[in-house]
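Following: one structure in structure tokens, then a few remarks.
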Amino acid sequence: MRKNKGLQSVNAHVEQDSSFSSIIERAHKLRQLDAKLQRSLPPQVKGTCRLANLRGDTAVLTCQSQLEASKVRMYSRTILQAIQQEFKTSIKKIKVKVVLES
């Protein structure tokens, strides 16, 4: 029979499993990069997208609607230049995804 220890805090799980801490660190880093990117975005798209991931040479941006995504795609060249200048990285492409919040 299994002993029930009850609920454990998230911190306890993070301490036991190093993969959790690396995920949390990556999420924190992406949040910092997104805040930096938001400051350098053109006013027309500021706040309409979020930096969700950096994969290889691609920056993944998320929007909450198809209309916002279209606007971000229209300014993608300017956004790409902002990412390259702000992050000093070799990002060459932008991928825009629509993520509906429920």
Side-chain angles (χ1 to χ4, degrees):
M1 189 186 253
R2 188 176 92 156
K3 291 183 182 180
N4 188 354
K5 294 182 180 181
L7 296 176
Q8 290 183 337
S9 72
V10 171
N11 290 337
H13 285 289
V14 169
E15 290 171 5
Q16 293 172 2
D17 189 349
S18 64
S19 64
F20 281 128
S21 61
S22 64
I23 291 170
I24 291 170
E25 287 174 27
R26 178 145 172 85
H28 181 67
K29 181 69 174 171
L30 284 169
R31 191 175 303 130
Q32 288 177 331
L33 292 173
D34 179 56
K36 191 174 182 181
L37 176 63
Q38 292 298 320
R39 291 188 294 270
S40 62
L41 286 176
Q44 298 87 343
V45 294
K46 194 173 284 195
T48 61
C49 62
R50 296 280 173 229
L51 179 65
N53 203 357
L54 296 173
R55 276 191 228 139
D57 66 348
T58 305
V60 180
L61 303 176
T62 58
C63 299
Q64 293 183 3
S65 72
Q66 206 54 271
L67 179 64
E68 290 176 347
S70 294
K71 195 177 231 185
V72 168
R73 286 183 189 103
M74 189 168 53
Y75 286 92
S76 62
R77 179 168 285 159
T78 306
I79 295 169
L80 182 60
Q81 289 171 347
I83 289 172
Q84 290 169 340
Q85 289 174 354
E86 287 295 320
F87 302 162
K88 308 286 190 255
T89 185
S90 61
I91 297 295
K92 294 180 175 89
K93 297 183 275 186
I94 291 179
K95 183 172 188 173
V96 181
K97 292 185 173 187
V98 176
V99 178
L100 301 175
E101 292 186 12
S102 50

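Because only heavy atoms are used, hydrogens play no part in the values below, and waters and symmetry mates are left out as well, while side chains stay in. If you're wondering where the values come from, they're calculated on a predicted model, not measured in any experiment.
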Stepwise side chain to side chain contact (heavy atoms under 4.5 Å, CB included) test for V98 and T62 = CA-CA 6 Å; V98 176; T62 58; over 6 Å; no
ask   = Got more than 12 heavy atoms from elsewhere within 6.0 Å of NZ, K46?
value = yes
message = Tell me whether I23 at atom CD1 has more than 12 heavy atoms from other residues, nucleotides or ligands lying less than 6.0 Å away.
response = yes
Considering only heavy atoms from C-beta outward, does the side chain of [X] approach that of [Y] to under 4.5 Å?
X: T48; Y: Y75; value: no
X: D34; Y: Q38; value: yes
X: V96; Y: C63; value: yes

[X] to [Y] - nearest heavy-atom pair and separation:
X: S90; Y: D57; value: O-CB, 3.9 Å
X: E68; Y: Q64; value: OE1-N, 3.1 Å
X: Q66; Y: R73; value: OE1-NH1, 3.6 Å
X: L30; Y: A52; value: CD1-O, 3.3 Å

message = Looking at Q84 and K92, would you say the former's side chain and the latter's main chain have a donor-acceptor pair under 3.5 Å?
response = no
query = Taking I83 as the fixed residue, which of I91, L41, L33 is the one that meets the side chain to side chain contact (heavy atoms under 4.5 Å, CB included) rule?
reply = I91
Reported CD1-to-CG distance for the pair I79 and L37, which is rounded to 0.5 angstrom = 7.5 Å
query = From N53 CG over to K97 NZ, what is the distance, rounded to the nearest 0.5 angstrom?
reply = 8.5 Å
